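Values below: all heavy atoms of this structure, side chains included; hydrogens, waters and symmetry mates excluded. Labels below follow one simple rule: chain letters A, B, ... track the order of the sequence lines, proteins then strands, and each chain is numbered from 1. None of these values were measured; they are calculated from a predicted model.
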There are 2 protein chains.
Amino acid sequence: MKTFTRPDLEIISLSTVMQALADPCRQQIVRALKEADDRGLACNEFDLEVSKATASHHFETLRNAGIIESRSEGVKCLSCLREKELNRRFPGLLGLVAAETQAI
Amino acid sequence: MKTFTRPDLEIISLSTVMQALADPCRQQIVRALKEADDRGLACNEFDLEVSKATASHHFETLRNAGIIESRSEGVKCLSCLREKELNRRFPGLLGLVAAETQAI
DNA sequence: AAAATAGTTCGATGAAATTCGAATTAATAA
DNA sequence: TTATTAATTCGAATTTCATCGAACTATTTT
C-alpha cells in the first residue's frame with residue numbers, strides 16, 4: 001500500500017506554494033476540497049478536465065507543496081486540505097483561492 | 001520615450017499573479033518596493049543577482065501581472081507597487097510576500 | 001482465479017519560463 | 001557631438017512544466 005509524503009509546512013517556501021497554486025486545475029482541486037467533508041475526496045471525485053495521469057501529477061504537486069495530504073483507503077486515494085496548518089503558515093492564502101471563481 | 005502597459009486588475013486572474021509572484025527574484029522586487037517611498041525605485045536600485053536583461057524581463061512580468069507600474073523619468077525607469085489596487089483585488093496577497101523573509 | 005476499479009509510474013512531446021550576452025535605443029552629461 | 005548611463009529588445013541555450021497514452025500495481029469484487 002502506498003504512503004504519501006507530508007512535508008512540514010515550515011520548510012515550504014512561499015515560492016513553492018505559489019508555484020503549486022498558480023495552476024488553474026490545482027486551484028480547482030483546492031476549492032473542491034475546501035467544500036468537502038473531513039473524509040476528503042478521491043481523485044476521481046473532482047471534475048477535472050485532464051487525463052488521470054495528469055491529475056495524479058497535480059495531486060503529487062499539491063502534496064509536495066504541503067497543500068494537501070493523501071491516504072490510501074482500499075483501492076482509493078483520499079485527499080484533504082491541510083487547512084489549519086496552511087492558515088497558520090500562509091494566512092489568507094486559501095481565502096484567495098476560494099474567492100477566485102474561475103472557469104478553467 | 002517608452003510607455004508601459006498597466007492592465008486593469010479586474011481582468012488579471014489569481015493564476016497570473018501567483019505565477020508572477022512564485023519567482024524569488026520577483027518577490028524580492030516586491031518587498032523592496034513595499035519599503036520604498038512613493039517615487040518608486042529604478043531598476044538598478046534593487047540588489048538583484050541576475051543580469052540586467054533578466055531583471056528587465058522580471059519587471060515586465062510583474063507589470064503584465066498588474067503588480068507594479070513603471071514610468072520613464074529621464075534615463076531611468078521608476079517602478080511602484082500597485083498596492084491599494086492589489087489589496088482590493090487580492091486581499092492578503094502582498095502581506096504574504098512581505099512576510100516571507102527569504103534568501104534568494 | 002479472473003475481472004474490474006483506482007491510482008501511479010514511465011517515457012515522450014510540446015509549450016513555456018529563465019537566463020544570458022550582444023546589440024540597440026533613448027536621455028543626459030561632458 | 002561624443003560618451004555615458006539606464007534600460008529594452010533580440011536570439012539562443014537550458015530548464016522546467018503540463019500533458020498524454022501505455023504499462024503497471026494494488027485492492028476489491030465476481
Would you mind reading off the distance between [X] atom [atom1] and [N] atom [atom2], rounded to a whole angstrom?
| X | N | atom1 | atom2 | result |
| --- | --- | --- | --- | --- |
| A:Asp23 | C:dA16 | CG | C1' | 13 Å |
| A:Glu73 | D:dA26 | CD | P | 19 Å |
| A:Lys76 | D:dT29 | NZ | P | 11 Å |
| B:Leu21 | C:dT18 | CG | P | 12 Å |
| B:Leu48 | C:dC20 | CG | P | 11 Å |
| A:Glu49 | D:dC20 | CD | P | 10 Å |

Next on the checklist: For B:Arg63 and B:Thr5, which I'm curious about, is there any donor-acceptor pair between the side chains at under 3.5 Å?
Outcome noted: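 Their side chains do not contain a donor-acceptor pair, so the 3.5 Å distance test is not met.
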
Checklist entry - Regarding A:Ser13 and B:Glu100, is there a side-chain donor-to-acceptor distance under 3.5 Å anywhere? => result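 On atom types as modelled, these side chains do not qualify, holding no pair under 3.5 Å.
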
Checklist entry - So which nucleotide from D:dA18, C:dT18, C:dT8 ends up closest to the side chain of A:Cys77? => result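 Selected nucleotide (nearest to the side chain): C:dT8.
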
Checklist entry - Which of these nucleotides, C:dT9, D:dT19, C:dA27, is closest to any side-chain atom of A:Lys2? => result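 My answer, after comparing the listed nucleotides, is C:dT9.
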
Checklist entry - Is the phosphate of D:dC17, meaning OP1 or OP2, less than 4.0 Å from a side-chain N or O of B:Gln19? => result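 Result: no.
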
Checklist entry - So do B:Ser15 and A:Gln27 actually touch side chain to side chain, heavy atoms under 4.5 Å? => result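 In contact.
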
Item to check | Side-chain touch A:Phe4/A:Ser72, heavy atoms, less than 4.5 angstrom | outcome: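 Counting from C-beta outward, A:Phe4 and A:Ser72 do come under 4.5 Å.
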
Item to check | Distance, nearest 0.5 Å, that separates OG1 of A:Thr54 from CD of A:Glu49 | outcome: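 Reported value, rounded in 0.5 Å steps: 12.5 Å.
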
Checklist entry - In a check of side-chain contact (heavy atoms from CB on, under 4.5 Å) between B:Ile12 and each of B:Asn64, B:Val17, B:Leu86, B:Ile67, which one passes? => result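 Looking at B:Asn64, B:Val17, B:Leu86, B:Ile67, the match for B:Ile12 under the side-chain contact (heavy atoms from CB on, under 4.5 Å) is B:Val17.
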
Next on the checklist: Quick one: does any side-chain atom of B:Thr61 pair with a main-chain N or O of B:His57 as donor and acceptor, under 3.5 Å?
Outcome noted: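 Yes: the side chain of B:Thr61 pairs with the backbone of B:His57.
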
Item to check | Contacting residues from residues 51-71 of chain A, given that a heavy atom lies under 4.0 angstrom of DNA chain D | outcome: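 Under 4.0 Å from DNA chain D: A:Ser51, A:Ala53, A:Thr54, A:His57, A:His58.
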
Next on the checklist: Please list, in numerical order, the residues of residues 32-46 of chain A that have a heavy atom closer than 4.0 Å to any atom of DNA chain D.
Outcome noted: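 Nucleic-acid contacts, sorted: none.
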
